[in-house]
Visitor: 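Quick one: the structure is below, and I'll ask about it shortly.
Letters go in sequence order (proteins before strands), and every chain restarts at 1. Since we're looking at a predicted model, the values are computed, not measured.
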Number of protein chains: 2
Amino acid sequence: MMPEPPMILSPEDMLEIESSIVTTEGMGARIRQIFGGNRLRDNPAFGVHDIAWEVEASVDALDVFTSRWTIEILATLYIAGDRRFNELRKLLVGISSRTLSDKLRKCTENGLIDRIVVDGPPVRVTYRLTEHGLRAGRLLGPLVAYMKLQKGSVQ
Amino acid sequence: MMPEPPMILSPEDMLEIESSIVTTEGMGARIRQIFGGNRLRDNPAFGVHDIAWEVEASVDALDVFTSRWTIEILATLYIAGDRRFNELRKLLVGISSRTLSDKLRKCTENGLIDRIVVDGPPVRVTYRLTEHGLRAGRLLGPLVAYMKLQKGSVQ
DNA sequence: AAATTAAGGTGCAACTTCCACACCACGTTA
DNA sequence: TAACGTGGTGTGGAAGTTGCACCTTAATTT
């Protein structure tokens with residue numbers, strides 16, 4: 001299942017990545033504290049900003065990522081940099097050109113990706129993360145690194 | 001679309017969250033550098049660990065999150081703490097009991113969630129993030145916070 | 001000159017996943 | 001006695017995804 005062979009990192013790189021993950025976990029825990037505290041402080045009794053509100057806000061915030069391939073496309077553009085349609089299709093093993101086309105359109109509509117047309121002939125179309133997409137990609141980085149370590153594809 | 005009214009944070013909390021997000025972005029960028037550098041250093045010419053390998057490893061790492069509702073369920077347990085089946089169903093507006101049941105089973109199989117049965121009668125079943133699930137939830141925190149700010153549901 | 005390749009997709013049938021609705025066994029509450 | 005809360009499962013249809021064929025334009029290969 002995992003891509004072989006695993007990438008072997010030097011002990012220094014390994015330590016730095018592990019410490020980045022732990023630091024990010026700390027950030028996440030702190031953010032959780034602030035949101036939770038704010039929720040309780042605002043409405044001790046029946047709150048507008050109760051748990052249901054916060055869950056709904058989070059579901060809403062993640063909405064953009066929760067259809068298949070979206071995260072993978074962002075991660076790919078983040079890792080590989082600007083790519084053209086057929087390059088993405090080769091990198092994203094298993095995606096159909098139909099689905100790739102649909103997802104790229106949705107990501108473009110959501111402001112995560114720019115579609116850059118360089119007209120030829122031949123016309124070439126490059127996809128690039130927007131500033132917003134790039135930030136999302138970076139924020140996904142520690143989670144991806146953690147999952148890679150967990151799965152053993154990086155050691 | 002966004003949950004109303006927005007949560008208003010104090011300037012201090014706002015600053016701390018923004019700085020957590022920026023710090024996490026820095027971690028993400030650094031991790032990217034290390035992986036990218038390791039890739040090139042390993043195989044200047046034809047590499048085993050080329051971009052395709054890294055994309056595949058990332059797609060693989062994220063596989064667990066890429067079906068509908070999975071991220072939302074994790075985020076909900078992360079925000080709300082341990083919850084029982086019907087509590088989750090009420091919090092996750094729009095999910096069917098069928099789908100919730102299936103997704104909880106899959107998350108349990110993937111080691112993200114523990115299913116805790118307290119037998120009665122009545123039998124009660126509590127779902128709880130595993131240590132692994134909790135870490136994933138924390139790592140998701142900065143991204144969720146960033147998206148909430150972006151959407152204006154937190155100001 | 002003809003065929004193939006590559007660009008960036010679209011059209012369609014088959015397949016998989018998701019959803020709404022009904023329902024189950026059991027126990028408590030009204 | 002009937003309705004309700006507990007944690008789900010069964011079913012059919014709707015929605016999402018896939019593989020394959022195909023399109024237009026132009027360059028390259030045979």
Side-chain angles (χ1 to χ4, degrees), chain A residues 52 55-56 59-60 62-77 80-110 112-129, chain B residues 52 55-56 59-60 62-77 80-110 112-129:
Chain A
V55 168
E56 192 190 334
V59 168
D60 206 53
L62 291 168
D63 183 58
V64 139
F65 303 112
T66 57
S67 86
R68 181 113 205 262
W69 290 113
T70 308
I71 291 190
E72 285 98 326
I73 289 172
L74 293 178
T76 302
L77 287 175
D82 302 359
R83 293 284 147 163
R84 298 212 304 280
F85 186 87
N86 282 317
E87 291 177 324
L88 284 173
R89 194 150 67 93
K90 274 167 210 147
L91 286 172
L92 292 162
V93 177
I95 199 171
S96 65
S97 64
R98 182 68 218 223
T99 302
L100 178 57
S101 170
D102 292 349
K103 297 296 175 180
L104 286 172
R105 185 158 23 74
K106 272 186 188 153
C107 286
T108 302
E109 286 165 10
N110 285 327
L112 292 163
I113 288 177
D114 277 333
R115 183 174 188 275
I116 298 159
V117 183
V118 181
D119 46 31
V123 171
R124 286 172 190 282
V125 181
T126 295
Y127 292 92
R128 168 179 300 170
L129 291 180
Chain B
V55 167
E56 192 190 334
V59 167
D60 205 52
L62 291 168
D63 183 56
V64 138
F65 303 111
T66 57
S67 84
R68 182 119 199 255
W69 290 113
T70 309
I71 291 190
E72 285 99 325
I73 290 172
L74 293 178
T76 301
L77 287 175
D82 301 359
R83 294 283 147 164
R84 298 212 305 282
F85 186 88
N86 281 316
E87 293 177 323
L88 285 174
R89 194 151 66 93
K90 275 166 208 145
L91 287 172
L92 292 161
V93 177
I95 199 172
S96 67
S97 66
R98 181 64 214 227
T99 303
L100 179 57
S101 170
D102 292 348
K103 297 298 174 179
L104 286 172
R105 185 157 23 75
K106 271 187 190 154
C107 286
T108 302
E109 287 165 9
N110 285 327
L112 292 163
I113 288 177
D114 276 333
R115 183 176 187 274
I116 297 159
V117 182
V118 182
D119 46 31
V123 172
R124 286 173 191 282
V125 181
T126 296
Y127 292 93
R128 170 179 299 170
L129 291 180

Visitor: Can you list the steps and then say if A:Tyr127 with A:Arg84 is a side chain to side chain donor-acceptor pair (under 3.5 Å)?
Guide: CA-CA 6 Å; A:Tyr127 292 92; A:Arg84 298 212 304 280; over 6 Å; no
Visitor: Test A:Arg128 against A:Asp114 for salt bridge (charged side-chain N to carboxylate O under 4.0 Å, His left out), laying out the working first.
Guide: CA-CA 5 Å; A:Arg128 168 179 300 170; A:Asp114 277 333; over 6 Å; no
Visitor: Please assess A:Asp102 against A:Lys106 for the test salt bridge (charged side-chain N to carboxylate O under 4.0 Å, His left out), listing each intermediate value before the final yes or no.
Guide: CA-CA 6 Å; A:Asp102 292 349; A:Lys106 272 186 188 153; over 6 Å; no
Visitor: For C:dG11, does the base pair up with any side-chain atom of A:Arg98 as donor and acceptor (N or O, under 3.5 Å, distance only)?
Guide: yes
Visitor: Atom CG of A:Leu100 to atom P of D:dT17: distance rounded to whole Å?
Guide: 12 Å
Visitor: Closest approach to the side chain of A:Ile95, judged atom by atom: which nucleotide of C:dC18, D:dT18, D:dG10 is it?
Guide: D:dT18
Visitor: Figure out the CZ/P separation between B:Arg68 and D:dG16, and round it to whole Å.
Guide: 9 Å
Visitor: Side chains of B:Val118 and B:Val123: closer than 4.5 Å at any heavy-atom pair?
Guide: no
Visitor: Could you tell me whether B:Lys103 contacts a base, only the sugar-phosphate backbone, or nothing, with contacts defined as non-hydrogen atoms closer than 4.0 Å?
Guide: sugar-phosphate
Visitor: Which atom names give the shortest non-hydrogen contact between B:Leu91 and A:Val55, and what distance separates them?
Guide: O-CG1, 3.9 Å
Visitor: If I take atom CD in residue B:Glu72 and atom C1' in nucleotide C:dC18, what distance separates them, rounded to the nearest angstrom?
Guide: 13 Å
Visitor: Look at B:Trp69 and C:dC19 and indicate whether a side-chain polar atom (N or O) is within less than 4.0 Å of OP1 or OP2.
Guide: yes
Visitor: Can you see if the side chain of B:Ser96 gets near the phosphate of C:dC18 - specifically, an N or O under 4.0 Å from OP1 or OP2?
Guide: no
Visitor: What is the minimum heavy-atom distance between A:Glu72 and B:Val59, and which atoms define it?
Guide: CG-CG2, 3.6 Å
Visitor: Separation of B:Arg83 atom CZ from D:dT6 atom C1', in whole Å?
Guide: 16 Å
Visitor: How close or far is atom P of C:dG27 from atom CG of B:Asp119, stated in whole angstroms?
Guide: 13 Å
Visitor: Let me know the distance between CZ of B:Arg105 and P of C:dC18, rounded to the nearest Å.
Guide: 12 Å
Visitor: What nitrogen or oxygen pairs link the protein and nucleotides 5-9 of chain C at under 3.5 Å?
Guide:
from: C:dG8; atom 1: OP1; to: A:Arg84; atom 2: NE; distance (Å): 3.3
from: C:dG8; atom 1: OP1; to: A:Val125; atom 2: N; distance (Å): 3.3
from: C:dG8; atom 1: OP1; to: A:Val125; atom 2: O; distance (Å): 3.1
from: C:dG8; atom 1: OP2; to: A:Asn86; atom 2: N; distance (Å): 3.4
from: C:dG8; atom 1: OP2; to: A:Asn86; atom 2: ND2; distance (Å): 3.4
from: C:dG9; atom 1: OP1; to: A:Arg115; atom 2: NH2; distance (Å): 2.4
from: C:dG9; atom 1: OP2; to: A:Arg115; atom 2: NH2; distance (Å): 3.4
from: C:dG9; atom 1: OP2; to: A:Tyr127; atom 2: OH; distance (Å): 2.5

Visitor: Go through the steps for A:Thr76 and A:Leu88 under the test side chain to side chain contact (heavy atoms under 4.5 Å, CB included), then give the verdict.
Guide: CA-CA 8 Å; A:Thr76 302; A:Leu88 284 173; 3.8 Å; yes
